[in-house]
Participant: 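Below you'll find the structure I mean.
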Amino acid sequence: MPQYEVNVILNPNLDGAQAAFEKDIIKATLERHGAAIKNVDDWGNRRLAYPIQKDPEGNVVFYTVEMAGNDNAALQRELRLRDHVRRVTIIRDRPEWRNSQKKKK
């Protein structure tokens, strides 16, 4: 099954309980769409390269998941409907690209 990286930027003004609740809902949504979560990398509040909704910061969370690739648009659409989710990006992991970068070094 292909591996994907799901990048989510949440509202940085959430308190700890609200942020944990949003992350639980995101995990449940991923699992409902058939994704097996392999790793969660929570970067917390970070300054963004450009403001989103006039806010220069965002709570950044990376999920590494394995899932079938035919349901990505529906998953992305469902995550974007959440009020505190500001940005969602789903990227397919290509191990052959990583290996080509190592050969160049």
Participant: Measuring from Y4:OH to E66:CD, what's the distance to the nearest 0.5 Å?
Facilitator: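 Result: 11.0 Å between the selected atoms.
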Participant: Check whether any side-chain heavy atom of M67 lies under 4.5 Å from a side-chain heavy atom of N72, and answer yes or no.
Facilitator: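 Result yes, sub-4.5 Å side-chain heavy-atom pair found.
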Participant: Roughly how far, to the nearest 0.5 Å, is CG of D55 from CG of N45?
Facilitator: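 Between N45 CG and D55 CG, I get 9.0 Å after rounding to 0.5 Å.
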Participant: Give the cluster check for I90 versus L30: same hydrophobic cluster or not, with ILVMFWY residues linked at side-chain heavy-atom distances below 4.5 Å.
Facilitator: yes
Participant: So do Q3 and T64 actually touch side chain to side chain, heavy atoms under 4.5 Å?
Facilitator: yes
Participant: If I take atom CD from residue Q76 and atom OG1 from residue T29, how far apart are they, to the nearest 0.5 angstrom?
Facilitator: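 These two atoms lie 13.0 Å from each other.
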Participant: Considering only heavy atoms from C-beta outward, does the side chain of P12 approach that of R86 to under 4.5 Å?
Facilitator: yes
Participant: In terms of hydrophobic clustering (I, L, V, M, F, W, Y; side-chain heavy atoms under 4.5 Å; direct or indirect links), are Y63 and V88 co-clustered?
Facilitator: yes
Participant: Between R82 and E22, is there a salt bridge with N-O shorter than 4.0 Å?
Facilitator: yes
Participant: Kindly determine whether K23 and V40 satisfy side chain to side chain contact (heavy atoms under 4.5 Å, CB included), including the steps that lead there.
Facilitator: CA-CA 10 Å; K23 291 169 190 171; V40 178; over 6 Å; no
Participant: How about V6 and V8: do any of their side-chain heavy atoms sit closer than 4.5 Å?
Facilitator: yes
Participant: Roughly how far, to the nearest 0.5 Å, is the NE2 atom of H84 from the CD1 atom of I9?
Facilitator: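 One finds 16.0 Å between CD1 of I9 and NE2 of H84.
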Participant: When you group the ILVMFWY residues by side-chain heavy-atom contacts below 4.5 Å and let the links chain together, are Y50 and W43 in the same group?
Facilitator: yes
Participant: Quick one: pull up CD in E57 and CG in L48 and give me the separation to the nearest 0.5 Å.
Facilitator: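 E57 atom CD to L48 atom CG measures 7.5 Å (nearest 0.5 Å).
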Participant: Quick check on K27: does its NZ atom have over 12 non-hydrogen neighbours (other residues, nucleotides or ligands) under 6.0 Å away?
Facilitator: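 No, the 6.0 Å shell around NZ holds no more than 12 heavy atoms from other groups.
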Participant: Is it the case that atom CZ in R92 sees more than 12 heavy atoms from other parts of the structure closer than 6.0 Å?
Facilitator: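 More than 12 within 6.0 Å, yes.
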Participant: Side chain of E5, backbone of F62: donor and acceptor closer than 3.5 Å?
Facilitator: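 Side chain of E5 to backbone of F62, a donor-acceptor pair under 3.5 Å: no, none is there.
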Participant: Go through it in stages, so that I can follow the logic: the residues are E31 and I37, the test is side chain to side chain contact (heavy atoms under 4.5 Å, CB included), and I'd like the CA-CA distance, side-chain angles, deciding distance and then a yes or no.
Facilitator: CA-CA 8 Å; E31 291 169 353; I37 299 173; 4.0 Å; yes
Participant: Donor-acceptor pair, distance only, cut-off 3.5 Å: does the side chain of Q18 make one with the backbone of D15?
Facilitator: yes
Participant: Out of curiosity, does V85 fall in the hydrophobic cluster containing V60 (side-chain heavy atoms, cut-off under 4.5 Å, transitive links)?
Facilitator: no
Participant: Find the distance between CD (E78) and NE2 (H33) and round it off to the nearest 0.5 Å.
Facilitator: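 It comes to 3.5 Å.
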Participant: Same cluster or not: are I26 and I52 linked, directly or through other Ile, Leu, Val, Met, Phe, Trp or Tyr residues, by side-chain heavy atoms under 4.5 angstrom apart?
Facilitator: no
